[in-house]
Structure formats: structure tokens, C-alpha cells
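The structure appears below as C-alpha cells.
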Amino acid sequence: MAPPTVADRSSARRRSNIDAKPVYSLSHDILCIIFSFLDLFDLVRCSVVCKSWNNAIFNSELLRTFCMKHQKQEMESSSSFEVSASSEKPLLECLEEIAMERHKLALEEGRIRVSQWIGHSVRAEQCRMKMGLILTGVGDKVMRLWSSENFRCLEEYSIPEKLPLIDFDFDESKIVGLVGRNLCIWSRSGKRSIFPSRECTFVEGSCMRYFDPEAVVGCGDGTAHVFDMYSRRCSRIVRMLPGPVTCLCVGDDQLILGGSLHGNIGVSGLRSDQRVAMLRSRNTIGIKTMCYNASSHLVFAGSTAGHVYCWDLRTMKPLWESRVSPNVVYSLRHLQNDRSSLAVGGIDGILRILDQNTGTVRSGCIMDSRLLSTYQSGVGVVEERIGNRLSDETPIDAIHRRSRPPITSLAVGMNKIVTTHNDKFIRLWKFRN
């Protein structure tokens, strides 16, 4: 066969260009027809690809039509068959409401797929998840940032020698860690800086929370040290509790909450140097972990005895108390702005989903011991397994410990939860409607 001539190659390129016509050059009407076959989440994802897709989706009222159908179904289910213009919710409010409802149903009833991979050489004890990224660490001398889509390790951050990593958090541009008696900042490019020791040395730092531009460190003497991340100075010391602060949460409404093993929760403002309130219920003991839902003003706490407590900050009164585990609860979290579901994990290894408003356990989950598949990824071998939901009658002792290693930390994303277990493995639970 004769080799292709220059004219042949030029003709082939022209045909290739015609065949490979870019999607963004499609007409507005064709794009609208294509998008009309997608569901809500696919539409929202497509709306951020480029300006032309965003205009096609929003200007054609595709999302608003979707929301109108949802509101009509809601009103019909409540025996009201008329949808008036005055009853319409703002588009973004409606989209968030639909997303939160689907997230709730997925966590409580959806099918579960668990991906597991070795993330650290010693153990992964803590995790955080934001923006589709997972940050893990504590056992060895590194923190690792992972993609929640393909589990690739995107970045790695080394810990100063001979100093233990106690707690950490991250945002779009930096990693903040409590290392020994110092605060460290890693830029996402990998460069590390340590706060001057005279400004950031604590008697004993046990926990840390970061809310840009400030980091708050809970200490063994019952105080919380507030640091400005830009001036790198301690702006104030808040006297939170009579005993050591064992856990912290910081809200976007300028609140600091600190818990202790004595069962107290101190409440203060970021601009105050004194505790302004104390939360406690009749049976509160051993607060091990906390989280705060600023959208509903509810505070949740897990105890060393397996209890979960809830307070309403507007009244400073307890709402409910539920013993969900026979032993210590290590971690509890919820998706931002979600007022329905609370994920809880502890020493018994059962991943539980609670109703935020009542404390009722909606579901208990474990990973099936049977291996579905394995594949090679940038991290090595990723194992895929099914997640099982437990019935109310299932005795925990009858479940093999390999299927339920202790959950030392968890973080919640949309339709997904990441867990660490004080071993080398990281698990990502994906919940599908």
C-alpha cells in the first residue's frame, strides 16, 4: 500500500475536525434537547462546565421547570392541588431542598458501595472531606490529600520530625495542622511554615478547628487559644471549661464550642475572652466528639459511653438523648446545611445514620466481607465491596470484627461518607438512590 500523500493527510484532518465537532459549538436548541434528558444533579454539574452550557440550562428554565414539578408533587402529597406563583420558592432554595432530600434518602435507604484502599504505612486515624477531596493522616509522618472520585493521592505533606500530628483541617489554599505544641500551615503547593513558638506554644493542645481566617486550639487547662492565620498571632485566650477541652467545633456565626470528658460544653464567641454559656443535660458524661449545625442552631455531641446528645442553642436546652452504641462514640458529622441526617461512628465499627431532630437511628451499616472486585489505581489496589444495612434485631456481637473495625473518624459529603479505622485502610462509602 502506498504511503498517504500530503493531500490525503490534509483531507483526513478536515474529516476528523468535522467528525469531532466540539460539544460547546452545538446550537442552543440542541443543547436544551440534550439537557432535557438529564436529572437534577447532572444538570447542576453541567451548568458549571462553561458559560454556554450555564446559559442554556438557566435561560431555558430547565432547572426551574424541574423545581416546579418537585413543588407540585409536594403540594399534591399534602392534599393541595394548586401551585400559585406566591408559593414558588427561589430557585437555589428549591435546588438545595431537593438535594438534601435525596441525600437523606440515599443515606437511610440507598444501595451502598464501599471502596477501600491502603492510604498510610502505619495507620490513618483522622479524615476530613471537602470539595471532592479527602485529607487523612496521624499515624505516620505524612498527611495525604486524595481525590474522592478516583482515589489518587494528589498531594502529600510531611510532618516535622519527632512531633506528633494531633489534629488538622484544610481549605482551597492551605492545610492547617496542630503538631505537637505548634500550629503549622502548609500551602497547597507543599511549602510549610510554623508559627513562632512564642506565639503558638500551648500547655497541652488536644484538638483544633480552623475557620478562615482563624484557628482555634483546645487545651488541657480548659482554655481555647484563637490564632489569626495571617498575622500569626494569638488574638485571644478564651476560658471555656473547668477541665481539659477534648473536642471543639467552630461555626460560621462566630461561635466556639468546647467539650470535655466531664460532660460540659462551653459556648463562647470568637470575639470574646470568656465563656458565655454552658450546655449540659442531666446524664451528660464524657464528651468525646462534637459538631454544630449553624443552619438549625443544633449542637450534637458523642460520649465515651455511646450516647449522642443534642441541644438547641436558641434556648440553651437539651432536645434529645439517645444511646446508639454500647461504647465510645469517636466521631459524628453531617453535611453542611443538612437538617436531617447525622452520621455517627465509634468503637463498635457500625456506621449509623441518625435523625437530627429526634435522635432515632435510621440505619446501621457495615462492609460486607465478600470482595466484589479489585483494580489498580495510583494508590495501589482498590477493593470494591457491598455495604450491608443491619436490621434492628441483628446482635452486634454476632458480626465479625473484621467487618466492623472501630471508626475513629468520619466526614460526610453529598451521598458519601469517608471513614478511617486506626489502621492502614481508608474507606469511602457511596450511597445510591
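Just so it is clear, the model here is predicted, and its values are computed rather than measured.
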W146 and its ring pair (Phe, Tyr, Trp, His ring centres under 6.0 Å) partner, picked from W117, F170, F151: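 Only one of W117, F170, F151 forms a ring pair (Phe, Tyr, Trp, His ring centres under 6.0 Å) with W146, namely W117.
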
Mark yes when over 12 heavy atoms from residues, nucleotides or ligands other than [X] sit less than 6.0 Å from its [atom1]; otherwise mark no.
X: K141; atom1: NZ; value: yes
X: R102; atom1: CZ; value: yes
X: R401; atom1: CZ; value: yes
X: K416; atom1: NZ; value: yes

Side-chain donor-acceptor pair present, H120, T136, cut-off under 3.5 Å: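 Yes, a side-chain donor-acceptor pair sits under 3.5 Å.
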
Flag for N150-S147: side-chain donor and acceptor within less than 3.5 Å: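 Their side chains do contain a donor-acceptor pair, which is all the 3.5 Å distance test asks for.
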
Euclidean distance, [Y] [atom2] relative to [X] [atom1], rounded to 0.5 Å:
X: D140; Y: K424; atom1: CG; atom2: NZ; answer: 10.0 Å
X: R111; Y: N433; atom1: CZ; atom2: CG; answer: 8.5 Å
X: F168; Y: M208; atom1: CZ; atom2: CE; answer: 9.0 Å
X: S268; Y: M240; atom1: OG; atom2: CE; answer: 5.5 Å
X: R352; Y: L332; atom1: CZ; atom2: CG; answer: 12.5 Å
X: C247; Y: R209; atom1: SG; atom2: CZ; answer: 8.5 Å

Pairs flagged by side-chain hydrogen bond (donor to acceptor under 3.5 Å, both in side chains) wherever residues 403-414 is involved - sequence neighbours left out: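 Sorted result for residues 403-414: T408-T420.
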
Pairs touching residues 354-368 that satisfy side-chain hydrogen bond (donor to acceptor under 3.5 Å, both in side chains), sequence neighbours left out: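 Applying side-chain hydrogen bond (donor to acceptor under 3.5 Å, both in side chains) to every pair that reaches into residues 354-368, excluding sequence neighbours, yields N293-Q356, D355-R362, T358-T360, S363-R389, D368-R370, D368-N388.
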
Is the closest side-chain heavy-atom distance between [X] and [Y] below 4.5 Å?
X: R385; Y: L371; result: yes
X: M367; Y: I112; result: no
X: R236; Y: E214; result: yes
X: Y330; Y: L410; result: no
X: Q376; Y: V381; result: yes
X: M143; Y: L165; result: yes
X: R333; Y: C127; result: no
X: V382; Y: S115; result: yes

Could you tell me whether the side chain of [X] and the main chain of [Y] form a donor-acceptor pair under 3.5 Å?
X: S235; Y: V226; value: yes
X: W186; Y: S158; value: yes
X: S303; Y: H307; value: yes

Heavy-atom closest pair, residues G119 and R144: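 So the two residues come closest at O-NH1, 2.9 Å.
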
D348 and N327: CA distance, side-chain angles, deciding distance, side chain to side chain contact (heavy atoms under 4.5 Å, CB included) verdict: CA-CA 7 Å; D348 66 356; N327 214 312; over 6 Å; no

Plane angle bin for W429 and F431 - parallel if under 30°, tilted between 30 and 60°, otherwise perpendicular: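 Geometry flag for W429 against F431: parallel rings.
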
Contacts of type ring pair (Phe, Tyr, Trp, His ring centres under 6.0 Å), residue H334, not counting sequence neighbours: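 Not a single residue meets the ring pair (Phe, Tyr, Trp, His ring centres under 6.0 Å) criterion with H334.
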
Steps toward side chain to side chain contact (heavy atoms under 4.5 Å, CB included) verdict (S369, R402): CA-CA 8 Å; S369 59; R402 290 182 181 177; over 6 Å; no

Y230 vs D212, side-chain hydrogen bond (donor to acceptor under 3.5 Å, both in side chains): CA-CA, chis, key distance, verdict: CA-CA 10 Å; Y230 298 99; D212 193 52; 3.1 Å; yes

Derivation and outcome, side chain to side chain contact (heavy atoms under 4.5 Å, CB included), residues D338 and M100: CA-CA 6 Å; D338 177 20; M100 291 301 106; 3.6 Å; yes

Charged N-O contact under 4.0 Å between E384 and K430: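 K430 and E384: not salt-bridged.
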
Salt bridge flag under 4.0 Å for residues R128 and D171: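 Result for this pair is no, no salt bridge flagged.
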
Candidate pair L107 and I417, rule side chain to side chain contact (heavy atoms under 4.5 Å, CB included), full reasoning: CA-CA 9 Å; L107 293 188; I417 297 174; 4.2 Å; yes

